[in-house]
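For the single chain, residues carry numbers from 1 onward in sequence order.
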Amino acid sequence: MKEIKLKLILMYFLEFAVWGAYLTSLGSFLAQNGQAEHIGWFYAVQGVVSIFMPALIGIIADRWVPAQRMLSICHLLAGAFMLCAGWYASTAATLEFTPLFSLYTLSIAFFMPTIGLSNSVGYSVLTSHGLDTVKHFPPIRIFGTIGFIISMLFVNFTGFQNTYGQLFTSGVLSIVLAAYALTMPNCPVNKTNEKVSVSDALGLKAFSLFKNPRMATFFVFSMFLGVALQITNGFANPFIQSFGDIPEFHGNWGVENANALISLSQISETLCILLIPFFLKRFGIKVVMLMAMLAWVFRFGLFGLGDPGSGVWMFILSMIVYGIAFDFFNVSGSLYVDKQTTPDIRSSAQGLFMVMTNGVGATIGTLCAQQVINHFVNSQPAGLARIEGWSTSWLIFAAYALVVAVLFFLIFHDKPAKNSTGDIRKAEIESNASDNPEGMI
């Protein structure tokens, strides 16, 4: 059992190290190379490709190609395109939006499905070895966050947070994981000689989860909360560095090492992941998700009120609550979805969760956030006026998260089964699916 857990730990470490190399620092690299008004597009495209790619790749992993092999193929392609993006950025005299964005998009198109695929591999391996996913998954998943942190700090202290070096770092790590994924235990595909409908063959059976009112509501609010996911990833770094234009903060450690300061968010994640089993068992998914939503309110609000000087404690507190905001939503949500599915649609269901959160939600969120920031920040001259614009923007985002939290509290009703630990009965979902034997929606 220890060997299996160690293999999964390294897989998650590499998975999120790939992402950590650029996710929180790409905005600063773009801003310093004349692409400040396009930052939102680079983060929104993660959502655009997540609308269809995770579901499509999940279908293939469910029915034809074992998940661990699909994980390898996706990382090989993602890494290759990211290396090409880094090569272009390193050789271009002037950075142009179209070629960089195109290469980056191709890389992201194959990377985003790997988040759901890695979860599918993890759940499949743990289940095949008779281990409870709610109990054993979070302590393994925590090493993904550790990988993210180490990658962030590497990029920060090498000076890559403002250069194309972050793209090369991500690409190399992705290629390494492509090779390592082939060593993972086999994840069986759902092969059958029985005649299946077209909709089942396309993996649309996962959409039968929408027949359950609670699951439909859960997915809708996952989309609403997904709006918040990429905002600080894209804009926190350039926001903190913008204080450097004010003499009072020039040379400030936090301003010069924004990525290291932001890494406190991921350190908080490592601790909060370990709290998930307790909170899910003790309070159920509604309370856990509501805690995540309120944490987003504080995440944004504290950014709007703080600064890297005397108000740095607000920044630090914002980083601390991020662990609850992200983990109690993303990890708990993934576990919740897994408990509602049967093995034949596990990868498809995880892909569907990605579609709603990192797909539709994150796309809307980053594009809207870019418009808000263009209006309140980029339209202002560097200095105090721009900082005030940032503050207004963060408070607008906080107000949005508060509205979502209130609506979720009023609308979503979770009714755990007797003697359960807060999970919904699989039998109920299976019953819904049986009402729709052809997999039609």
Side-chain angles (χ1 to χ4, degrees), residues 1-21 53-80 82 107-148 150-151 170-191 203 270 273 330-331 334-335 337-339 341-351 353-354 358:
M1 292 298 180
K2 182 178 291 187
E3 181 182 352
I4 289 299
K5 291 182 179 180
L6 287 174
K7 288 182 75 70
L8 290 175
I9 283 170
L10 183 54
M11 179 190 74
Y12 276 104
F13 182 93
L14 291 170
E15 173 69 31
F16 287 91
V18 170
W19 217 9
M53 284 298 289
L56 176 62
I57 297 298
I59 292 165
I60 297 173
D62 276 336
R63 305 200 64 85
W64 297 293
V65 181
Q68 81 281 0
R69 292 184 186 174
M70 203 69 239
L71 182 66
S72 175
I73 293 170
C74 286
H75 268 294
L76 179 63
L77 293 170
M82 189 62 79
S107 176
I108 292 302
F110 289 102
F111 171 76
M112 293 309 290
T114 67
I115 299 174
L117 280 173
S118 62
N119 285 341
S120 183
V121 171
Y123 296 146
S124 176
V125 171
L126 290 174
T127 301
S128 66
H129 286 79
L131 299 174
D132 178 19
T133 54
V134 172
K135 178 181 178 181
H136 293 280
F137 177 73
I140 292 172
R141 170 60 178 79
I142 197 174
F143 284 90
T145 305
I146 292 173
F148 194 101
I150 292 176
S151 191
S170 178
V172 169
L173 289 170
S174 197
I175 297 297
V176 170
L177 181 49
Y180 179 72
L182 296 176
T183 71
M184 298 302 295
N186 186 56
C187 301
V189 296
N190 182 37
K191 292 184 177 180
T270 64
I273 286 177
N330 248 23
V331 180
S334 175
L335 285 166
V337 170
D338 183 63
K339 288 296 181 180
T341 61
T342 51
D344 61 309
I345 60 169
R346 175 177 280 131
S347 294
S348 300
Q350 291 297 323
F353 182 61
M354 281 287 293
N358 286 279

Nearest 0.5 Å, what's the CZ-CD1 distance between F143 and I273?
10.5 Å
Student check: side-chain heavy atoms of L8 and M184 closer than 4.5 Å:
yes
Rounded to the nearest 0.5 Å, what separates atom OG in S124 from atom CD in Q68?
8.5 Å
Is any side-chain heavy atom of Y180 closer than 4.5 Å to one of K7?
yes
Which residue pairs pass the salt bridge (Lys or Arg N to Asp or Glu O under 4.0 Å) test when at least one of the two sits in residues 64-77, sequence neighbours left out?
none
So do the side chains of L14 and L10 get within less than 4.5 Å of each other, counting heavy atoms only?
yes
Residue pair A80 / I175: nearest heavy atoms and the distance that separates them
N-CD1, 4.0 Å
In terms of heavy-atom contacts, L173 and A17 come closest through CD1-O, 3.6 Å
Side chains of W19 and I115: closer than 4.5 Å at any heavy-atom pair?
yes
The criterion is ring pair (Phe, Tyr, Trp, His ring centres under 6.0 Å); which residues satisfy it with F137, sequence neighbours excluded?
Y12, Y123
Of all residues at least two apart in sequence or in a different chain, which pass the side-chain contact (heavy atoms from CB on, under 4.5 Å) check with A181?
L71, S72
Closest heavy-atom pair, T133 versus P138, reported as atoms and distance to 0.1 Å, is O-CD, 3.6 Å
Restricting to non-hydrogen atoms, name the atom on G122 and the atom on M11 that form the minimum distance, rounded to 0.1 Å.
N-CE, 4.4 Å
Of D132, I140, V121, the residue whose pairing with L126 passes side chain to side chain contact (heavy atoms under 4.5 Å, CB included)
I140
In Å and rounded to the nearest 0.5 Å, what is the CZ to OG1 distance from F148 to T270?
13.0 Å
Under the criterion side-chain contact (heavy atoms from CB on, under 4.5 Å), I'd like the reasoning laid out for K5 against L131: C-alpha separation, chi angles, the key distance, then a yes or no.
CA-CA 10 Å; K5 291 182 179 180; L131 299 174; 4.1 Å; yes
Give a yes or no answer on whether the side chain of T114 reaches the backbone of F111 with a donor-acceptor pair at less than 3.5 Å.
yes
Provide the closest heavy-atom pair for T145 versus R141 in the form atom of the first, atom of the second, distance.
OG1-NH1, 3.0 Å
Does the S128 side chain pair with the main chain of V125, one donor and one acceptor, at a distance under 3.5 Å?
yes
Tell me the closest heavy-atom pair linking A67 and A61, and the distance in Å.
CA-CB, 4.1 Å
